[in-house]
Chemist: 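Here it is, the structure in full.
Reminder, nothing fancy here: chain letters follow the sequence lines and each chain counts from 1.
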Amino acid sequence: VSIFVGERKLHDVGPGTARRGPQLSRRTLEGCRAHDPDAFREFVIAHQRGVHALLVRLVGRREQVPDLAQETFLRAYRAFPTFDLDGPAKDSTWVLTIAVRLALNERRRLARNPSSSQSADVADLPDVSTPETERARRELGRAIECAADELSDDQRAVFVLAEYHGMSVAEIARALEAAENTVKTRLFRARAHLRERLAAFAKENIR
Amino acid sequence: MNDTEDIDWDAWRVGEPSPDFVDGVMNAVRRSGAIAPARRADAADARAPISRRRIALSAGAAVVAASLGGYAMVGHLRGARTSELVDGAQTPKDESAGESSRPRMNEAGEQGAANSAHAMGGEGGVSATVINRARRDELRGRLLSPLQARGVERDPHTGFTLPSRSTGPSHNLTEAYIAARVREDFLPLARSCYQNALLTHPTLRGRVVIDFMIVGDAKVGGIVDQAKIEETSDIADPEFATCVRESMLSMVFEPPDNDGWVSVAYPILFDPDDEQPRR
């Protein structure tokens with residue numbers, strides 16, 4: 001999925017349902033509310049990739065990611081009886097809200113103890129022999145990751161939730177317990193930073 | 001760059017979750033004691049006649065005695081220390097006869113609680129102080145929801161995050177009170193975590209320091225908001241650490257006053273051979 005980098009309203013860059021995670025049936029969600037293990041397993045299967053991706057993009061490729069992901073689902077399990085099936089939050093948005101708060105807490109902890117865990121260097125990822133286009137794509141991925149790493153925690157969270165998980169400003173505002181205008185401001189600044197950092201790269205590596 | 005230049009954002013790849021991630025989550029849920037079958041069993045036990053409950057408690061104590069032969073725990077609160085012998089000699093080892101199997105993970109909470117009640121000297125203490133993990137998870141869930149609804153935020157502080165509206169550390173929860181709650185409600189669960197860890201690592205032993213933070217308010221009560229095992233702890237078994245942490249997160253306390261918090265460091269010595277506390 002290609003998304004334009006530029007200033008525009010969030011819904012214009014919303015990547016659509018493909019980024020919003022799988023939709024679970026109401027029956028499954030009711031089972032989760034009743035703490036039915038089979039229903040909850042289905043819930044975990046459906047959302048594990050989204051939660052994992054969010055955590056990696058927010059805290060980096062750290063050894064804590066699996067633990068944070070597990071903690072996310074444990075908290076979801078406990079809180080499911082309070083989840084309103086008819087409320088404004090979709091189950092995907094709801095579980096991502098839990099994950100993003102855990103991730104932000106973890107980033108604050110890491111900021112205080114930077115030596116407690118080292119993020120895997122992107123250069124250490126498996127280097128599979130690939131065609132030139134794939135190599136360029138990997139370099140682009142590194143550039144995005146490095147640029148995103150320069151964002152503040154709040155800006156990074158807003159950007160990732162918007163661009164990679166298709167959440168609206170209102171949904172992000174609820175997830176981060178921030179005003180919608182604050183979310184818009186953070187998203188504006190995040191994009192401005194990425195636009196600046198990726199400009200040279202994009203001119204040389206446009207697909 | 002302008003609006004016509006596009007970026008393939010998906011080039012930022014993040015990999016996939018571990019293939020056994022789902023099983024890991026479900027096992028963690030079971031270990032937390034929050035699965036429905038355990039809850040039903042608890043409810044049935046609560047309705048049982050007193051004589052039946054006494055038998056169940058004795059059996060639970062016997063399982064612990066047979067499995068461990070007793071071990072010691074030592075605790076202290078941040079800023080002050082207390083020490084205590086919580087297990088070991090208080091467990092009636094002569095009741096181990098006839099017990100042939102060790103407890104399963106999802107039964108640990110009940111059996112640990114039973115052992116604690118036995119050590120306290122009777123079932124009167126059971127109803128008053130020993131709540132199993134599943135029940136406390138439910139209680140914690142009820143307390144946590146109003147806290148989240150009122151917008152509790154957290155900020156960094158000594159490894160934990162703090163409620164944004166808090167006025168600072170509270171002092172109404174005395175060390176003696178916290179030690180009593182930990183001794184009566186948490187240590188039985190920690191004991192069961194240790195039992196299960198010994199099944200796969202029979203030589204596992206050492207000092208574990210558990211940090212936890214109590215938050216809450218007068219309306220909703222006090223909960224353990226965050227908990228972790230300090231990195232300096234001797235036991236690094238991940239399943240054991242998760243079990244202990246989840247057990248601590250299921251604890252409930254009286255609320256800290258003035259919407260504040262209480263930070264506690266509680267070291268525990270796990271040793272299947274020693275009956276005396278060690279530090």
Side-chain angles (χ1 to χ4, degrees), chain A residues 1-8 15 34-37 40-41 44-45 48-49 51-57 61 66-67 69-71 73-74 77-79 81-82 101 105 108-109 111-113 116 125 137-145 148 163-164 177 194-196 198-199 202-203 206-207, chain B residues 1-18 20-32 34-39 134 137-138 140-142 144-146 148-149 151-161 164 226 228 231 238 241-242 245-246 249-250:
Chain A
V1 177
S2 295
I3 302 173
F4 290 114
V5 174
E7 301 316 317
R8 70 198 75 185
H35 280 175
D36 173 12
F40 188 69
R41 170 177 278 272
V44 177
I45 291 172
Q48 58 172 330
R49 285 185 175 80
V51 168
H52 172 81
L54 175 70
L55 291 172
V56 170
R57 289 192 170 109
R61 293 182 177 85
D67 289 341
Q70 186 176 93
E71 179 68 17
F73 284 107
L74 279 173
Y77 184 86
R78 291 198 190 98
T82 65
R101 292 180 184 179
N105 284 343
R108 294 186 188 109
R109 190 187 72 81
R112 291 191 304 275
N113 305 298
S116 63
L125 291 174
R137 195 163 185 260
R138 279 195 289 129
E139 290 177 2
L140 172 60
R142 290 170 188 160
I144 297 171
E145 186 170 355
E163 297 291 358
Y164 289 96
E177 294 179 336
L194 293 173
R195 185 172 59 248
E196 177 186 346
L198 297 174
K203 288 175 183 175
I206 290 295
R207 295 187 306 155
Chain B
M1 187 181 299
N2 57 47
D3 287 3
T4 63
E5 294 171 332
D6 62 351
I7 291 290
D8 178 12
W9 293 110
D10 287 333
W12 183 5
R13 289 174 295 184
V14 293
E16 293 283 328
S18 165
D20 59 357
F21 175 75
V22 176
D23 289 335
V25 170
M26 298 309 295
N27 287 336
V29 168
R30 291 188 187 96
R31 281 198 303 274
S32 74
I35 57 176
R39 215 173 254 131
D137 266 345
E138 288 181 338
R140 183 176 185 275
R142 290 201 299 271
L144 186 58
S145 296
Q148 291 173 331
V152 171
E153 293 182 353
R154 296 154 186 167
D155 293 314
H157 179 68
T158 60
F160 284 135
T161 55
S164 62
Q226 299 160 84
K228 67 180 175 69
E231 295 176 355
T242 300
R245 182 170 172 275
E246 288 299 321
L249 285 172
S250 72

Chemist: So do the side chains of Y164(A) and D10(B) get within less than 4.5 Å of each other, counting heavy atoms only?
Modeler: yes
Chemist: Got W9(B) and L194(A) here, is their nearest side-chain heavy-atom distance under 4.5 Å?
Modeler: yes
Chemist: Quick one: does Q70(A)'s side chain have a donor or acceptor within less than 3.5 Å of a partner on G24(B)'s backbone?
Modeler: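 Yes, Q70(A) side chain to G24(B) backbone: donor-acceptor pair under 3.5 Å.
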Chemist: What distance separates E71(A) CD from E246(B) CD, expressed to the nearest 0.5 Å?
Modeler: 5.5 Å
Chemist: Is any side-chain heavy atom of V25(B) closer than 4.5 Å to a side-chain heavy atom of L74(A)?
Modeler: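 Sidechains of L74(A) and V25(B): no contact.
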Chemist: With a 4.5 Å heavy-atom cut-off, do R41(A) and D23(B) have their side chains touching?
Modeler: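 Side-chain contact under 4.5 Å: yes.
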Chemist: Once rounded to the nearest 0.5 Å, what's the spacing between atom CG of D67(A) and atom NZ of K228(B)?
Modeler: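 Output value for this atom pair is 13.5 Å.
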Chemist: State the CE-OH distance between M26(B) and Y77(A), to the nearest 0.5 angstrom.
Modeler: 7.0 Å
Chemist: Could you tell me whether the side chain of R57(A) and the main chain of W12(B) form a donor-acceptor pair under 3.5 Å?
Modeler: yes
Chemist: Out of curiosity, H52(A) NE2 to E16(B) CD, how far, rounded to the nearest 0.5 Å?
Modeler: 7.0 Å
Chemist: Heavy atoms, side chains only, cut-off 4.5 Å: are F21(B) and V44(A) in contact?
Modeler: yes
